[in-house]
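Only one structure is covered here, and it is reproduced in the block below.
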2 protein chains.
Amino acid sequence: MFGLSEGYREEIVGRVVRNLLDVQILRLVEVEPLWGYRIKKQFESDFNVKLRHGALYPTLNVLEQRGFLLSRRQQKDGRARKVYAITTSGREFLSSYYGVLREQIRC
Amino acid sequence: MFGLSEGYREEIVGRVVRNLLDVQILRLVEVEPLWGYRIKKQFESDFNVKLRHGALYPTLNVLEQRGFLLSRRQQKDGRARKVYAITTSGREFLSSYYGVLREQIRC
DNA sequence: CATGATATGTCCAGAAAAGGACATATTGTA
DNA sequence: TACAATATGTCCTTTTCTGGACATATCATG
């Protein structure tokens, strides 16, 4: 699946997604509006890293408080969801993140 | 110095270099063999982030224990330096890191 | 000869983060 | 009707990390 030099990949992915959890959440929500439970599931399938909901929900609140996400309550099949969408500030924050990454790999 | 979308740059740089301190050290030593004090100085000029030597030296030891760096004692003008050079494993680790970054920005 | 720069190292208290439990409610399935 | 999945939230203990101090030694400059 990965080349010879990719032996440390899992460790690095784990560290990046854990330390930059808020950024990774923004990256997912940037594609389409999502709610906590979907984010958790997608996180685990995308990165193969367990995401505690005890860490996720407080982080979502912080992202909304910072103005990077905006939530609206949604009723779907009797389920009360809190759907988050990215804001302009959120996109700017991601833009800064991608800028730093580009400097790191210089491409 | 930076565009409109770069307002969050400093925060992100700070978080990346602090959380991936070992990786950033490897990136510097990859270019040329360096000793602790030079790494500290270069760090501060490159990233504009203060690097405590109380954090640096233990990290260098861990990197050597993991086989990513190799040190040799050097005497230069009566100064006892511990010069670190990157190993093949160290380069492979960096390779994995750059791979993860490329996936993040998908380029 | 004192002060700042170079150079490397340890240690500890307080702060932050992680892991996991506690808590609740609905829906679908066996 | 019990159990798994969906869905969101809090709380507490343990572990990890951060900032800063303690410690030592040489060299250059005023």
Side-chain angles (χ1 to χ4, degrees), chain A residues 10-25 28-29 32-66 69-85, chain B residues 10-25 28-29 32-66 69-85:
Chain A
E10 264 183 70
E11 179 197 333
I12 293 163
V13 168
R15 287 172 62 185
V16 168
V17 298
R18 262 179 266 269
N19 292 321
L20 301 166
L21 176 63
D22 53 349
V23 177
Q24 301 309 316
I25 291 171
L28 290 179
V29 179
E32 59 177 330
L34 293 170
W35 56 98
Y37 194 84
R38 271 288 307 272
I39 292 168
K40 182 176 147 65
K41 290 291 159 189
Q42 201 156 333
F43 218 84
E44 286 161 6
S45 62
D46 281 22
F47 302 118
N48 204 34
V49 171
K50 279 265 182 293
L51 176 56
R52 290 174 307 115
H53 71 270
L56 172 62
Y57 293 112
T59 304
L60 284 170
N61 287 332
V62 171
L63 284 170
E64 187 162 32
Q65 277 160 36
R66 292 195 68 179
L69 290 179
L70 202 76
S71 71
R72 62 169 211 282
R73 295 249 165 216
Q74 191 195 63
Q75 287 291 328
K76 185 90 176 178
D77 309 315
R79 290 247 162 67
R81 287 173 184 166
K82 204 169 163 186
V83 180
Y84 290 89
Chain B
E10 263 183 71
E11 179 198 333
I12 294 162
V13 168
R15 286 172 62 185
V16 168
V17 298
R18 263 178 266 269
N19 291 322
L20 301 167
L21 177 62
D22 54 348
V23 177
Q24 301 309 316
I25 291 171
L28 290 178
V29 179
E32 59 177 330
L34 294 170
W35 56 99
Y37 194 83
R38 272 286 309 274
I39 291 168
K40 181 176 147 66
K41 290 291 159 187
Q42 202 157 332
F43 217 85
E44 286 162 5
S45 61
D46 281 22
F47 302 117
N48 203 35
V49 171
K50 280 265 182 292
L51 175 56
R52 290 174 306 116
H53 72 269
L56 172 61
Y57 292 114
T59 305
L60 284 170
N61 287 331
V62 170
L63 284 170
E64 188 162 31
Q65 277 160 37
R66 292 194 69 180
L69 291 179
L70 203 76
S71 70
R72 61 170 212 280
R73 294 251 165 214
Q74 191 195 62
Q75 286 292 325
K76 184 89 176 179
D77 310 314
R79 289 252 162 63
R81 286 174 185 165
K82 205 169 163 185
V83 180
Y84 291 88

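Note that the structure is a prediction, hence the values are computed from the model and not measured. In what follows, chains are A, B, ... by sequence order, proteins preceding strands, each numbered from 1.
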How long is the line joining [atom1] of [X] and [atom2] of [N], in whole Å?
X	N	atom1	atom2	value
A:Glu64	D:dG9	CD	P	10 Å
A:Arg15	D:dC17	CZ	C1'	13 Å
A:Gln74	D:dT6	CD	P	16 Å
A:Asn61	D:dC11	CG	P	13 Å
A:Lys76	D:dT8	NZ	P	14 Å
B:Gln75	D:dA25	CD	C1'	12 Å
B:Leu21	D:dC17	CG	C1'	12 Å
A:Arg79	C:dT27	CZ	P	7 Å

Inset, instruction - Please tell me if the side chains of A:Val17 and A:Val13 come closer than 4.5 Å, counting only heavy atoms from C-beta onward. - result: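 Counting from C-beta outward, A:Val17 and A:Val13 do come under 4.5 Å.
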
Legend entry - A:Val83 vs A:Leu34 side-chain heavy atoms within contact, under 4.5 Å: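 Not touching, per the 4.5 Å side-chain cut-off.
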
Got a second to check how far [X]'s [atom1] is from [Y]'s [atom2], nearest 0.5 Å?
X	Y	atom1	atom2	result
A:Thr59	A:Asp22	OG1	CG	7.0 Å
B:Asn61	B:Arg66	CG	CZ	14.0 Å
B:Arg15	B:Glu10	CZ	CD	14.0 Å

Inset, instruction - Establish, with yes or no, whether the OP1 or OP2 oxygen of D:dA7 is under 4.0 angstrom from a side-chain nitrogen or oxygen of A:Arg81. - result: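 A:Arg81 to D:dA7 OP1/OP2: side-chain N or O found under 4.0 Å.
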
Inset, instruction - Test side chain to side chain contact (heavy atoms under 4.5 Å, CB included) on B:Arg72 and B:Arg81 and set out the steps. - result: CA-CA 8 Å; B:Arg72 61 170 212 280; B:Arg81 286 174 185 165; over 6 Å; no

Inset, instruction - Answer yes or no: is there a donor N or O on one side and an acceptor on the other, between the side chain of B:Glu64 and the main chain of B:Ser71, under 3.5 Å? - result: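 Pair found, side chain donor or acceptor close to backbone of B:Ser71.
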
Inset, instruction - Carefully, step by step, assess A:Leu60 and A:Leu69 under the rule side chain to side chain contact (heavy atoms under 4.5 Å, CB included). - result: CA-CA 8 Å; A:Leu60 284 170; A:Leu69 290 179; 3.8 Å; yes

Legend entry - Residues touching DNA chain D, which here means a heavy atom under 4.0 Å, drawn from residues 37-56 of chain A: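 Heavy-atom cutoff 4.0 Å gives A:Tyr37, A:Lys41, A:His53, A:Gly54.
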
Of the nucleotides [options], which one has an atom closest to the side chain of [X]?
X	options	value
B:Lys82	C:dT8, D:dG19, C:dT10	C:dT8
B:Arg18	C:dT8, D:dT18, D:dG9	D:dT18
B:Tyr57	D:dT8, C:dG19, C:dT8	C:dT8

Legend entry - Between the first and last five pairs of the helix from C:dC1-D:dG30 to C:dA30-D:dT1, the angle of the axes, rounded to 10 degrees: 0°

Side-chain donor-acceptor pairs under 3.5 Å in residues 40-58 of chain A, sequence neighbours left out?
{"unit_1": "A:Lys40", "atom_1": "NZ", "unit_2": "A:Glu44", "atom_2": "OE2", "d": "3.0"}
{"unit_1": "A:Lys40", "atom_1": "NZ", "unit_2": "A:Leu51", "atom_2": "O", "d": "2.9"}
{"unit_1": "A:Glu44", "atom_1": "OE2", "unit_2": "A:Leu51", "atom_2": "N", "d": "3.2"}
{"unit_1": "A:Ser45", "atom_1": "OG", "unit_2": "A:Lys41", "atom_2": "O", "d": "3.4"}
{"unit_1": "A:Ser45", "atom_1": "OG", "unit_2": "A:Gln42", "atom_2": "O", "d": "3.0"}

